[in-house]
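Report on the structure given below.
All chains are named by letter (A, B, ...) in the order of the sequence lines, taking the proteins before the strands, and each is independently numbered beginning at 1.
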Number of protein chains: 4
Amino acid sequence: MYYGEKRVEDPIRWAMVGGGKGSQIGYIHRSSALRDFNFELVAGAFDIDPERGKAFGKELHVSEDRCYPDYKTMFAEEAKREDGIQAVSVATPNGTHYEITKAALEAGLHVVCEKPLCFTTEQAEELEALAAGKNKVVGVTYGYAGHQMIEEARQIIAEGKLGDIRIVNMQFSHGFHNVAVETTTASTKWRVDPKVAGPSYVLGDVGTHPLYLSEVMLPEMKIKRLLCSRQSFVGSRAPLEDNAMTIMEYDNGAVGYLWSSCVNCGSMHGQKIRVIGEKASLEWWDERPNQLTFEVQGESVKVLERGMDYLAPSAMVDDRIGGGHPEGLFEAWSNLYSRFARAMEAAEKGKSVDFWYPNVHAGVEGVRWVENCVRSADSGAVWVDYE
Amino acid sequence: MYYGEKRVEDPIRWAMVGGGKGSQIGYIHRSSALRDFNFELVAGAFDIDPERGKAFGKELHVSEDRCYPDYKTMFAEEAKREDGIQAVSVATPNGTHYEITKAALEAGLHVVCEKPLCFTTEQAEELEALAAGKNKVVGVTYGYAGHQMIEEARQIIAEGKLGDIRIVNMQFSHGFHNVAVETTTASTKWRVDPKVAGPSYVLGDVGTHPLYLSEVMLPEMKIKRLLCSRQSFVGSRAPLEDNAMTIMEYDNGAVGYLWSSCVNCGSMHGQKIRVIGEKASLEWWDERPNQLTFEVQGESVKVLERGMDYLAPSAMVDDRIGGGHPEGLFEAWSNLYSRFARAMEAAEKGKSVDFWYPNVHAGVEGVRWVENCVRSADSGAVWVDYE
Amino acid sequence: MYYGEKRVEDPIRWAMVGGGKGSQIGYIHRSSALRDFNFELVAGAFDIDPERGKAFGKELHVSEDRCYPDYKTMFAEEAKREDGIQAVSVATPNGTHYEITKAALEAGLHVVCEKPLCFTTEQAEELEALAAGKNKVVGVTYGYAGHQMIEEARQIIAEGKLGDIRIVNMQFSHGFHNVAVETTTASTKWRVDPKVAGPSYVLGDVGTHPLYLSEVMLPEMKIKRLLCSRQSFVGSRAPLEDNAMTIMEYDNGAVGYLWSSCVNCGSMHGQKIRVIGEKASLEWWDERPNQLTFEVQGESVKVLERGMDYLAPSAMVDDRIGGGHPEGLFEAWSNLYSRFARAMEAAEKGKSVDFWYPNVHAGVEGVRWVENCVRSADSGAVWVDYE
Amino acid sequence: MYYGEKRVEDPIRWAMVGGGKGSQIGYIHRSSALRDFNFELVAGAFDIDPERGKAFGKELHVSEDRCYPDYKTMFAEEAKREDGIQAVSVATPNGTHYEITKAALEAGLHVVCEKPLCFTTEQAEELEALAAGKNKVVGVTYGYAGHQMIEEARQIIAEGKLGDIRIVNMQFSHGFHNVAVETTTASTKWRVDPKVAGPSYVLGDVGTHPLYLSEVMLPEMKIKRLLCSRQSFVGSRAPLEDNAMTIMEYDNGAVGYLWSSCVNCGSMHGQKIRVIGEKASLEWWDERPNQLTFEVQGESVKVLERGMDYLAPSAMVDDRIGGGHPEGLFEAWSNLYSRFARAMEAAEKGKSVDFWYPNVHAGVEGVRWVENCVRSADSGAVWVDYE
Ligand SMILES: NC(=O)c1ccc[n+]([C@@H]2O[C@H](COP(=O)([O-])OP(=O)(O)OC[C@H]3O[C@@H](n4cnc5c(N)ncnc54)[C@H](O)[C@@H]3O)[C@@H](O)[C@H]2O)c1
Ligand SMILES: NC(=O)c1ccc[n+]([C@@H]2O[C@H](COP(=O)([O-])OP(=O)(O)OC[C@H]3O[C@@H](n4cnc5c(N)ncnc54)[C@H](O)[C@@H]3O)[C@@H](O)[C@H]2O)c1
Ligand SMILES: NC(=O)c1ccc[n+]([C@@H]2O[C@H](COP(=O)([O-])OP(=O)(O)OC[C@H]3O[C@@H](n4cnc5c(N)ncnc54)[C@H](O)[C@@H]3O)[C@@H](O)[C@H]2O)c1
Ligand SMILES: NC(=O)c1ccc[n+]([C@@H]2O[C@H](COP(=O)([O-])OP(=O)(O)OC[C@H]3O[C@@H](n4cnc5c(N)ncnc54)[C@H](O)[C@@H]3O)[C@@H](O)[C@H]2O)c1
């Protein structure tokens, strides 16, 4: 149980690049970072439009002189200050992540970067190496992973309650882009433009989320080969896909399926993961994140609830309010940001941490998966060895 | 609304082959056929063990002399009687369907045959031709299709409320055979023996059910090519699979996915179908058959209920009790058996019928699909053109 | 597991009074009685309109001369036959139940009577005594009680898994009569007419159903006093109520609540019962009858499913198809009719039965409860001692 | 859509009384107030134990000299500072609310007080008058009311989509205190002690929450009389109840029911409200707060989702993240605290506000309802005119 105590000695001085007014994901970064005194927002280059960014910074209680026109200026100016920023979150369209993250690391900053980390595995591994070299943290906001029932699932599986894992069934398939909303919505427009979005749309935009959940729950399992079929039902989106089906084979003989979509009419999110073992299954749905279904073959179905004493201690440690009260996505993200802060503080002190979080390597793996999927799809939806 | 009126002039004199005491599916055949005076049970070769079959026949109120030791004797003896049987249902293990159905047609009987109709498309088309030649009905018990909400879905789609169809997402994935229950359960034992079961286990045993639902809902759509990956998680089942994933491409550009499994721990049935169009989606789950979810993108989710005035007339005609009262699988089957009876009567009178039902062609298509899946799977899970 | 074997030596010769074409509840009587060779329909006075009744009888495969113009003629004529009826089901509007049931018993018939058995406890006890004197069975169709999960609940409670019972929360509150549909619907018209319906509308029409479920689950508990508040939201229905709230105190210190309504807009049935003990709770909803929720305080919620091996043997004995396949209300009624048949056969042989079913005493208790509720309501919604 | 902009010119200087480490409800106050720069935490008397309070204050980033041993000292000391607190939240056991709130108002502070505001209507009205006299805001944390779907329900009802309101069905019935956990849990111990808890346990502790939801949704409806039956299933809790059933009559002829319980084994919260009108019903469940069920009689059930364009503008204004992403209780509280802040700022400027929030009058009404319930219950569960 958690009461809001600081989890770092001193709040980390923090800025944002992107996440401006009107952006989809900027607010949850701020709300999560600023919760519980782990970070304080002292600077920002919040918007591609400097004026708009400055005006917004003021509304966010950031002093005017630290509302910068762009990230380069910010990194340069802040570096000059005694009380300059120590960490930055990057919540801009995909195409800029690589360069901003690289620049931030080179400026000696810890980074929280939106997914995807970049466009190619090569770039991703470069960033991973750079972070290691600089001894800096790079967190990647696979935010759903912060839900406490994900940790509970991880523990149940680790204890062997499912037996050998056989099948991983995943989906993140919403319906919001069933028609060409990109003609009127800016945040969809860039998502279907390969120059800004990268080599994929839904695979990277939504598919990597449940993929990362599977990595958290099943840390030992490795993909051996996969096959991906992708479609552009709204034709103008080609070559980027608005629907994709990926079949995977893991090295332990298990198989997986991951359905990524933005044309699944009427579905709000449709992010689900079901892990099936020899003895039992676990299922989790991101729209009901406080529940986890645990089904032992031959027994009645059990529905576990967040915040209850029967859960694993590590699934209780981030509990912010007693069971029954619904927590939401903001708590999931806050749980991650709190780990980011502790990892950053530990890095500064030359210590390592004993908890998992979506780190730079998770970022690499997401990019790798998309790359393999695209390679398969673009070769005619054939099997490719996982590289 | 239906009050139990006979739907044929005279009840059809009817027998069963198989479906004996202890069989899984025999009872629902009887319960559905005998409901509402459309059939009367006058003979049977209910069991592979003649004595057991005879004893059971008596419990079913069948006169002793018409409880036969095997189907050949039955067809021969009944043919001699003035009041001999007119139709027979075949509820024996798969390996016998072809020969029994063929013999029945040749004996001038209408047939209701369990799925799969036989093992190869060639055999299936032979039976189709034979039935046509003899002017006899062959019904195939894709029983779930008789649920009224399936007809409602068909009508909604026919009216264009989904727009162009893009994705068909299907599954029938239960968990009852997660371990080698075949060592102790007879009805599983034959299912994993290729000689009795045929070229597949779960693809044919469960996968063809939602496939047929998709054929009912989407009569125009044709599979162009498919890819199937199958596994035997219980190793001794190889070459037969206990899990399979099939990706399909349709000729209109739509894609489909069908997950067949008997190792999905904790799942009761897990038979679901979701049809996604440009504008809206429909979803149905066989464990909650009285509901149908209709999701127009951008609107609140609608849950339709069986028996309500807002449904299509053709979805109301089989309504046996007002909305709110749950109907179950027995009503679905009864609805089909009532159509079988009417089709048989019409055939006798040289008339055609204006309603759909799972007929011999549906049987052919099920066999074809399994054959294509197996061909793909056994070639290394590659794409095969649909033949 | 049940395979359709006869449960009586010889099918009982059976007739119906009422339940004609267009009636709400006639069909489920026939469908349930005629299933599995326990009864055969040989006669009927199906309709208040003799011609319509005769025409309908023919559609039901009843020989014309045994389609009678009224029940009196039927009882008289059938008495003269060697093969005359042995049992009759009464599915007419409430106001006729008493006289028809009485006449049937006097004619030496077993009876299945719709609820309410009659209008007053006095009448009900008279019928109970008459049935005892004649050694005849009177079954009352509290049909939901036949669902197998009700028996499972009964067993769980009997085993003490809930501990002392504290609260019984019940409702049957649908929305179909939110406006004065009685102006156009015959079956609602008589329900709001005290002469035909009796002293209450929803209390008797729907409220007695969950009440009986509570009697089955909690055979030891007795109501000590109750308080009922009833309303006529559609004003023209007064003095009959279309909504009622009843609070009960039981002799063991437990309390109960039962909400009866036909103006609960949008609710299909809304029949639920939740039994809360010191240690655990059970909940059942008639629209999802194959599930039973079992909640032990401090543990994850368990959802039990019909047809599964972990259930009590007595909850499995009526299983007609494996778990996962949805059974519906028709199976629940069939389970009861099968018990009625066995009870009738036993009565003929002077034997007693070792299973429960909604018998004449259940009928008495339903009438008594309504009487007490009305007495309370009409005294200003005050507490009344249960009489 | 909301992006985290400040909603007041300058963050309000804020302190807490109670809500210390280990308390149930302290954290959500802080997390909600401190979000989005509307308040800043500058002082506190967080704990009945001054040392513990001080230590905790440090963990909350409060400077040591402003961590006070008790509220009196805090009010006195802060009054001396230029930058002294402007508002205080009270999250202590019930028995202290009256005196602390009164002292705070007298010290010229705005107050956010936990429910119940105090023990008697007389006290409550005194506080209401005092707040008016001082022109100070008193917010009362009926936190669930901040969920956006509550506002949506309010708007749907205001537009007349339900027609005349007939029935309000409410419950807040959890199971956490099925046995005497108070012997080991401090926060339960005081709840069953009349001196600290006041005249009721569950009526005030949980029942007033859905009651307030009904006041928000149905601002015009007034209770005319009510009847309450309360029980102490854990005997040692008497005279305080652990279960209560309240029937209400409203002045427009509607009726209501509210079930309050802490012995409803296995239920997490069980807070539900269903408002039934002549034409349609609305239902909301606090464990799935992002959904609202809207059922028009005769149409398919509609499930509305938070964050969707089809909602009322006033239900969208507090949207913090797009539809599909689950918001939780923290957002509901944050929405209220943001209104508290704006109301406080407006009060300072002598302006009024155009939005509702749980204000001091809501506090009065909660106390009044409990008082009436207790009066009824203690007179033998009889009807009492609402005073
Ligand atoms: N983790 C998640 O769940 C999640 C959810 C949504 C989006 N995302 C990711 O977040 C990123 C942003 O997505 P979004 O939907 O919020 O996009 P958006 O288009 O809604 O917002 C982008 C914001 O970045 C600003 N911006 C653009 N270029 C900039 C630059 N060079 N410098 C500074 N600011 C710049 C824009 O002004 C805008 O405020 C994407 O990479 C996306 O994949 C992640
Ligand atoms: N439509 C469906 O939903 C569904 C469901 C289950 C089974 N099935 C199909 O029904 C068929 C039977 O399956 P089951 O699970 O009931 O099998 P089962 O093993 O439980 O029962 C088979 C029955 O057939 C009898 N039998 C075997 N060979 C016979 C013969 N030569 N002559 C007469 N009787 C014979 C056996 O004695 C037994 O009574 C299979 O083809 C299966 O695929 C369909
Ligand atoms: N157990 C249940 O779940 C359930 C459900 C619905 C109705 N019921 C009960 O069943 C009874 C019938 O209800 P309903 O809704 O079917 O009514 P209905 O009005 O729909 O049908 C009544 C039928 O009885 C016939 N009838 C009327 N008087 C007759 C007479 N004197 N002789 C012969 N036939 C006569 C009518 O012609 C009609 O066919 C009622 O007592 C009702 O309470 C029980
Ligand atoms: N709005 C809601 O949903 C909700 C939920 C839970 C509790 N509550 C209310 O919140 C209040 C607190 O309940 P709780 O469950 O958190 O109680 P708790 O016993 O868990 O915590 C009470 C806290 O108050 C402190 N305290 C006690 N007396 C104090 C004093 N005189 N000065 C300063 N600190 C003092 C204690 O040290 C402790 O930190 C109660 O009035 C309760 O009704 C409201």
C:S31 side chain near B:R320 side chain, heavy-atom distance below 4.5 Å: no
Chain B contacts, top residue of C:E327, C:H61, C:K21, C:H174 (heavy-atom pairs, under 4.5 Å): C:H61
Segment of B:S334 engaging chain C (4.5 angstrom heavy-atom cut-off): neither
Any C:E331 side-chain heavy atom under 4.5 Å of B:E331 side chain: yes
Side-chain heavy-atom pair B:Y3, C:Q24 within 4.5 angstrom cut-off: no
Sub-4.5 Å side-chain heavy-atom contact between B:R288 and C:Q291: yes
4.5 Å side-chain heavy-atom contact, C:H325 and B:E287: no
Enclosure of C:K189 NZ (heavy-atom neighbours >12, cutoff 6.0 Å): no
When B:G26, B:S23, B:G322 are compared by non-hydrogen pairs under 4.5 Å with chain C, the top option: B:S23
When C:Q271, C:M308, C:M268 are compared by non-hydrogen pairs under 4.5 Å with chain B, the top option: C:M268
Nearest non-hydrogen partners of B:G4 and C:L60, listed with the distance: O-CD2, 3.5 Å
Residue B:D309 excluded, over 12 heavy atoms near CG under 6.0 Å: no
Side chain, backbone, both or neither of B:L329 within contact of chain C (heavy atoms, under 4.5 Å): both
Distance, nearest 0.5 Å, that separates CD1 of C:I25 from CD1 of B:I321: 4.5 Å
B:D83, CG: over 12 other non-hydrogen atoms inside 6.0 angstrom: yes
Where B:E59 and C:F37 come nearest, the two heavy atoms and their spacing: O-CD1, 4.4 Å
Residues of residues 5-12 of chain C contacting chain B, heavy-atom criterion under 4.5 Å, by residue number: C:E5, C:K6, C:P11
Flag side-chain contact, heavy atom, 4.5 Å: C:Y27 against B:Y2: yes
